[in-house]
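Quick caveat: nothing in here was measured; it's all calculated off a predicted structure. Throughout, protein chains are lettered first and strands after them, A, B, ... in sequence-line order, and every chain is numbered starting at 1.
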Amino acid sequence: MSQHRLYMGAPSPSGHFGDFGGRFVPEALMPACLELEVAFVDAWSDPEFVQEYRSVLHDFGGRPTPITYLARLSERIGVEVFAKREDLAHTGSHKINNVIGQTLLTRRMGKHRVIAETGAGQHGVATATAAARLGLECTVYMGELDTQRQALNVFRMELLGSKVVPVTSGSRTLKDAVNEAMREWVTCVEDTHYCLGSVMGPHPFPWMVREFQSIIGHEASEQLSERGVGVPDLVVACVGGGSNAAGVFAGFANTSARLVGVEAAGGAAVSNGSPGVLHGMKSMLIQDEHGQIEEAHSISAGLDYPGIGPEHSYLAAEGRAQYVGIGDEDVLDALQLLSQLEGIIPALESAHAVAWIVQEAGRDIPRGSTVLLNLSGRGDKDVAQVREILRGRS
Amino acid sequence: MKSLEVTLRDLREQGRKALVPYFMAGATPDWTRHVEAALVGGADAVEIGIPFSDPMMDGVVIQEAALRALEAGTTLETICAQLSQQRFSAPLIAMTYYNIFLHFGLERSAGRLAECGVQGAIVPDLTLEESEEWRRYCDLHDIATIFLVAPSTTPERFARLAAATQGFCYASARMAVTGKAQGGGDAARVVEAVRATSDVPTYVGIGITTPDQAREAALDSDGVIIGSALVQTILEGASPEQTEQFIRSFRRAIDE
């Protein structure tokens, strides 16, 4: 029998997944990264911590989230689609899994404050929620453009007792919110944890966030077994930084399932990018011929990111996962299709995964295949924006 | 020992505190004239900032300067071409983020910098742990690799960074990005921690905005680095003559 490589285990001691990952931060932040690594390793191997993380996600976060068989969509496209319903988790997306883990860790490290970046606002709202629950102070950095696109989420965070700081530098979107959060972290690292929202940044963040999100994949794997579906032929998730994809892939990385990450076509770091260093990590990035990072463009603020988590770059380089791009128009169609056929309004981010499945059913996805779709978030936050666009169309 | 370190150690032996201004290359069309003016005004070495789109360690002033430089079409290659056109009377030190060199090619970057007279490089997001390959190419081209230490640096890291840094050790006076100057800073303690483990020249930077602050920082260290305060005046339209005066005022303060 041939030797199979095991995927989605721990990175190397220096935080590398193959050629990707590592730590590229100012020296001022190195001690905090090292401290965080020690604290995470210690907590994650402590059954009491793991139990608390699970019970908060159960009692407060709404887990386990169900799996829904999408009967009408399946019939329409000739592929059996099962949706993992992260849209039903508290705060409306998978982001809660990560922030519960990180805020519990913040408290365990004796820090009393968190800062976070946010794009669409999902991670910001989730962080504000967890911070409120645990009594932590919270400040969220959000690109000015995104505060306009997602004004209601700004209000939600404020309602939850957090402070929202609009970021006016650079492209005024997620990438600049990360820059600003990193700059701020330098000044307050002693008593503040940076609650990064995706599987990106310096080690141990990509690993830690994947571990906190892997509950998605492990639950889904068990639920599909219980239903007699077993291992699906494909697991499909949208990818910006890539936390929901990493979470669901983690349950299937060492099975026969094909793993597909769907990027926004205007921010497709794997398809259109090249290796580089940004935000503390080496990964695939969209950059120009001089190594300047380019602005991503997407209808969805959550996928408006020119990079991708380093483990995804590694899975792509290894050929273990495949990454594809989907354009804004197809996303809008998919959002309406899922709403009308299944009674689920998906987040614009998640609609990318739906769009790819619809597009490739009967083509790249053979008829009759079983597909696990990670429905990472609900679309309530997007309906105002979608209404504007659809009005403009007619 | 790298040429830069020989020069900077000589300086210290002469009892002279080093004054190292920072310029963002390409932020104004006449930026090399500002560099020359600084040398006339009494600078001992000059940091040449190479603009990057996502300067994680920089405050608003350097961010703005980088943006202007990028909008003007500045690249590593245009900077090297401009630097090659003249010889400067003091060492030049390149400062930028790792992606610029990584993308240009590490070996090619080190070689190109050396060709245009650059003797040192500061890459603030390149940690000691990730720097082996870069240091190897810099060794081939006599480029000193300069590392930063910060108030948060642990004793074990102070020792390793002070041993690895070449030319000088860049001591961050405070936990902040460039340009912010709240509170007195921790410069004396940081410099002391370096000196406890190494005799490499140690310069203080981050948030030194006035001649008085520079004087105080120089008392505890071997030199000072002036970045945002200077770049701010240039963004506001200072002439090379004004830059010379600006540098002279800092020179006088640290020589007192």
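With a threshold of 4.5 angstrom between heavy atoms, B:Y98 approaches chain A through side-chain atoms but not through N, CA, C or O. Looking at A:S274, only its side chain comes within 4.5 Å of chain B, counting heavy atoms on both sides. With a 4.5 angstrom heavy-atom cutoff, A:E289 touches chain B only via backbone atoms. In this structure, chain A has heavy atoms under 4.5 Å from both the backbone and the side chain of B:P55. With a 4.5 angstrom heavy-atom cutoff, A:V178 does not touch chain B via any of its atoms. For a residue to count as touching a neighbouring chain, one of its non-hydrogen atoms must lie under 4.5 Å from one of that chain's; by this rule B:L128 does not touch chain A. Residue contact with chain B, scored on non-hydrogen atoms closer than 4.5 Å, involves the backbone and the side chain of A:I293 alike. Interface remark: B:S172 contributes no atoms to any contact with chain A (heavy atom separation under 4.5 Å). In this structure, chain A has no heavy atom under 4.5 Å from any part of B:L76.
Shown are A:I286, A:V239, A:L285; of these, the side-chain contact (heavy atoms from CB on, under 4.5 Å) with A:I308 is made only by A:V239. When each of A:V154, A:T118, A:T173 is paired with A:D146, the side-chain contact (heavy atoms from CB on, under 4.5 Å) condition holds for A:T173 and for no other.
Under the 4.5 Å side-chain criterion, counting only non-hydrogen atoms from C-beta, A:M200 is in contact with A:H279. With a 4.5 Å cut-off on side-chain heavy atoms, A:M182 and A:P202 count as touching. Looking only at side-chain heavy atoms (C-beta outward), B:F158 and B:V190 come within less than 4.5 Å of each other. Taking the side chain as every heavy atom from C-beta outward, B:V149 and B:Y170 never approach each other to under 4.5 Å.
Chain A forms the most heavy-atom pairs under 4.5 Å with one residue out of B:E129, B:E64, B:M57, B:R157, and that residue is B:R157. The most heavy-atom pairs under 4.5 Å with chain A, out of B:A150, B:P51, B:S53, come from B:S53. Considering only heavy-atom pairs separated by less than 4.5 Å from chain A, the leading option among B:L67, B:T153, B:V123 is B:T153.
B:I146 CD1 to B:E47 CD: the interatomic distance, rounded to the nearest 0.5 Å, is 7.0 Å.
B:T178 contributes a side-chain N or O that, together with a main-chain N or O of B:G59, makes up a donor-acceptor pair within less than 3.5 Å.
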